[in-house]
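Both counts, for ligands and for their atoms, begin at 1 and track the order of listing.
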Amino acid sequence: MKHSDYLIIGSGVAGLTFAIKIAEKFPLKMVTIVTKSNEDESNTKYAQGGIAVVLNKIDDNFRKHIEDTLICGDGLCNKEVVEMVVTDGPKRLKELIDWGAKFDQNNEGAFDLGREGGHSNNRIVHHKDQTGYEIERAILKQAHRQNNIKIFDFHFALELISENNCCYGAYVLNEKTSEISIFQADFTLLATGGIGQVYGHTTNPSIATGDGIAMANRIMATTKEMEFIQFHPTALYNKSFTSTFLISEAVRGFGGYLRTKDGERFMMNYDKRGDLASRDIVSQSIDIELKKSGDECVYLDCTHLNILSFTQHFPLIYSSCKAIGIDIEKQWIPVLPAQHYLCGGISVNTNGQTSVNNLFACGECSRTGLHGANRLASNSLLEALVFSNRIYNYLASLPLLERTKSKVFPKWKDCNSENVDQTIVIKMKTQLQILMQKKIGIVRNDSDLIEAKKQIESWNAECINIQKKYRVTKEFYELRNMIEVALLIVRGSIERNENRGGFMKVNTLKTANSD
Ligand code: FAD
Ligand code: SIN
């Protein structure tokens, strides 16, 4: 059993920035981070476009960023949260810079502000097309400077420990020794990121299996708006249904055009903002175009852009395309929407508190009210920074008396010494991903949803049975979590009966009167 004052599950931007602050504030308290892969592996590391922050107060202002966020969220954002996040942005950016993160500047020494869909101004602070990599590098380095932060890499959190609606830590699997221990803590922060692997065809890396959301759901923490899946319009087209490379929206902000195979710039037919309409609209428009033409992808045309400037801004995108034989200067880039982000998640208040005492959630696994029905581009790193700071402020201000005492919890018991069969896990995962892509994609309908619900419920029951007979593995638990997250998405989609933002349902359920 390991005891710490603060247990953080996840080492992306949400988990690390909270860890740094709380560890600096309380040098005698122990801050433990468990993370299931290499310490830097996370969605954070792959963020390209940047962080949306109002810095240029001549052309831009907070009001415009707030307005853009509200329009994008299509009526479902919490306005107070939006105002809080947007106005706190500059301070949180300064902290990142103080910790050593570097962002691109123009010739005048001001930040080189990029543009993305749904933004009425250039306001995206970035580090080339590798903003997340730079942030993760800087905050990991800062976390390592702090003696009272201990990072356990390749440690997979299986279940939260709770009693009487209060969280006391987690059961954690050491992936190298297969030992399962109790990581007990006064306060636990879920910072476990996204769910992309539920779909398979996603811009997210393989760690994005929705573990935190499923764990929280199992101890009855409230989740909300799980049906709002954001599909990024321009994932690099490939024929496989696995993780796929992102072509940043900042490329369209830089002047790239979307075209059909025949060269038509179709976006103006759908929205007066054209190629820079918000993500939900661009993805839905591409979906319509592809269904109309029967084509497998649309194209992003950058051939008219200054190639030198392009390679300076987007070196990773340029080289990644080059590596698969696409010369951006001469050829259009084939692109297709892919799952990218979850707008809903574990419901939290403005201090990041979940409905379970002493359990907090931050970053992509949380639902704060910022995004509503569709997240505005580059608002998610910002949200994680602002909310990790809110959680820090809240916990730092608690009187010591309110902190919980140590309790004793039973050791983890596996039912058998034989591991769950890996082939069953792989097969069920693939079936789940195919089902989610085919039936729970950009446009949904009730009959598909009801059919999918039945199927996923039966996989869920099968997993519960398997767990009764075998020793659990990380891969099995990820599958269990993905199935639970899929169920939340499907149930939310069935319940929602209006199309908003990234949610579109064509109702094909037969009524009692129809023939
Ligand atoms: P993550 O960074 O995903 O970190 C989650 C952590 O939890 C990881 O360390 C993971 O290993 C760990 N973990 C998960 N489950 C467990 C478990 N069971 N046990 C132990 N550890 C666990 N947003 C923007 O604002 N701007 C952008 O430009 C941008 N570009 C993006 C580009 C790409 C390709 C992708 C995929 C996302 C992008 N996003 C962008 C979204 C943004 O990167 C993420 O929403 C954000 O980084 C999430 O941070 P996080 O800390 O919540 O989660
Ligand atoms: C991108 O660079 O297109 C991704 C930005 C985001 O997800 O906010």
Participant: For ligand 1, which part of H340 has a heavy atom less than 4.0 Å away: the side chain, the backbone, both, or neither?
Facilitator: side chain
Participant: Closer than 4.0 Å to some heavy atom of T203 - which atoms of ligand 1 meet that?
Facilitator: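 Numbered from 1, ligand 1 contributes 34 (C), 36 (C).
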Participant: Identify, by atom number and element, the atoms of ligand 2 in contact range of E249, meaning under 4.0 Å from any of its heavy atoms.
Facilitator: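 In order of numbering, the contacting atoms are 1 (C), 2 (O), 3 (O).
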Participant: Nearest 0.5 angstrom please: L432 CG to L479 CG, how far?
Facilitator: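 Atom-to-atom, L432:CG and L479:CG are 7.0 Å apart.
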Participant: Is there a polar contact, in the sense of an N or O pair closer than 3.5 Å, between E39 and ligand 1?
Facilitator: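 No; the residue has no nitrogen or oxygen that sits under 3.5 Å from a nitrogen or oxygen of the ligand.
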Participant: Less than 3.5 Å between some nitrogen or oxygen of G49 and one of ligand 1, yes or no?
Facilitator: yes
Participant: Does E116 come within less than 4.0 Å of ligand 2, judged by its heavy atoms?
Facilitator: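 Within the 4.0 Å threshold, so yes.
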Participant: Measure up the F310 and F254 rings against each other and bin them: parallel (under 30°), tilted (30 to 60°), perpendicular (over 60°).
Facilitator: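 Answer is perpendicular, since the angle exceeds 60°.
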Participant: In terms of relative ring orientation, are Y394 and F360 parallel, tilted or perpendicular, with 30° and 60° separating the classes?
Facilitator: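 The arrangement is tilted - the two ring planes meet at 30° to 60°.
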Participant: Counting each atom of ligand 1 from 1 as listed, which ones have a heavy atom of F156 under 4.0 Å away?
Facilitator: 18 (N), 19 (N)
Participant: Which of the atoms in ligand 1, numbered in the order shown and given with their element, are less than 4.0 Å from a heavy-atom of V34?
Facilitator: 20 (C), 21 (N)
Participant: So, applying salt bridge (charged side-chain N to carboxylate O under 4.0 Å, His left out) with K36, which one of E175, E478, E41 is it?
Facilitator: E478
Participant: Y341 heavy atoms, cut-off 4.0 Å: which ligand 1 atoms fall inside?
Facilitator: 45 (O)
Participant: Using a cut-off of 6.0 Å, state whether more than 12 heavy atoms not belonging to K64 lie near its atom NZ.
Facilitator: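 Correct, the count exceeds 12.
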Participant: Would V13 count as a polar contact of ligand 1, with the cut-off being nitrogen or oxygen pairs under 3.5 Å?
Facilitator: yes
Participant: Write out the residue and atom name of the closest protein heavy atom to atom 3 (O) of ligand 1, then the distance separating them to 0.1 Å.
Facilitator: N43 N, 2.9 Å
Participant: Check each atom of ligand 2 against the heavy atoms of S378 and keep those under 4.0 Å away; list them by number with element.
Facilitator: 6 (C), 8 (O)
Participant: Do any N/O atoms on A47 end up under 3.5 angstrom from N/O atoms on ligand 1?
Facilitator: no
Participant: Which label fits H65 and H119: parallel for a plane angle under 30°, tilted from 30 to 60°, or perpendicular past 60°?
Facilitator: tilted
Participant: How about Y133: does its OH atom have over 12 heavy atoms from other parts shown lying under 6.0 Å from it?
Facilitator: no
Participant: Using the ring of each side chain (for Trp, its six-membered ring), is F152 parallel, tilted or perpendicular to F183, with breaks at 30° and 60°?
Facilitator: perpendicular
Participant: Could you check atom 5 (C) of ligand 2 against the protein and tell me its nearest heavy-atom contact, residue, atom and distance included?
Facilitator: R279 NH2, 3.1 Å
Participant: Where is the nearest protein heavy atom to atom 2 (O) of ligand 2: which residue, which atom, and how far?
Facilitator: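 Heavy-atom neighbour on the protein nearest atom 2 (O) of ligand 2: S248 OG, 2.6 Å.
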Participant: Please work out, at 4.0 Å between heavy atoms, whether the side chain, the backbone, both, or neither of E249 comes within that distance of ligand 1.
Facilitator: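 Looking at E249 and ligand 1, no heavy atom falls under 4.0 Å.
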Participant: Just need the protein heavy atom nearest to atom 26 (N) of ligand 1, so name the residue and atom and give the distance.
Facilitator: G50 O, 2.7 Å
Participant: Can you classify the ring geometry of H340 versus H232 as parallel (below 30°), tilted (30 to 60°) or perpendicular (above 60°)?
Facilitator: perpendicular
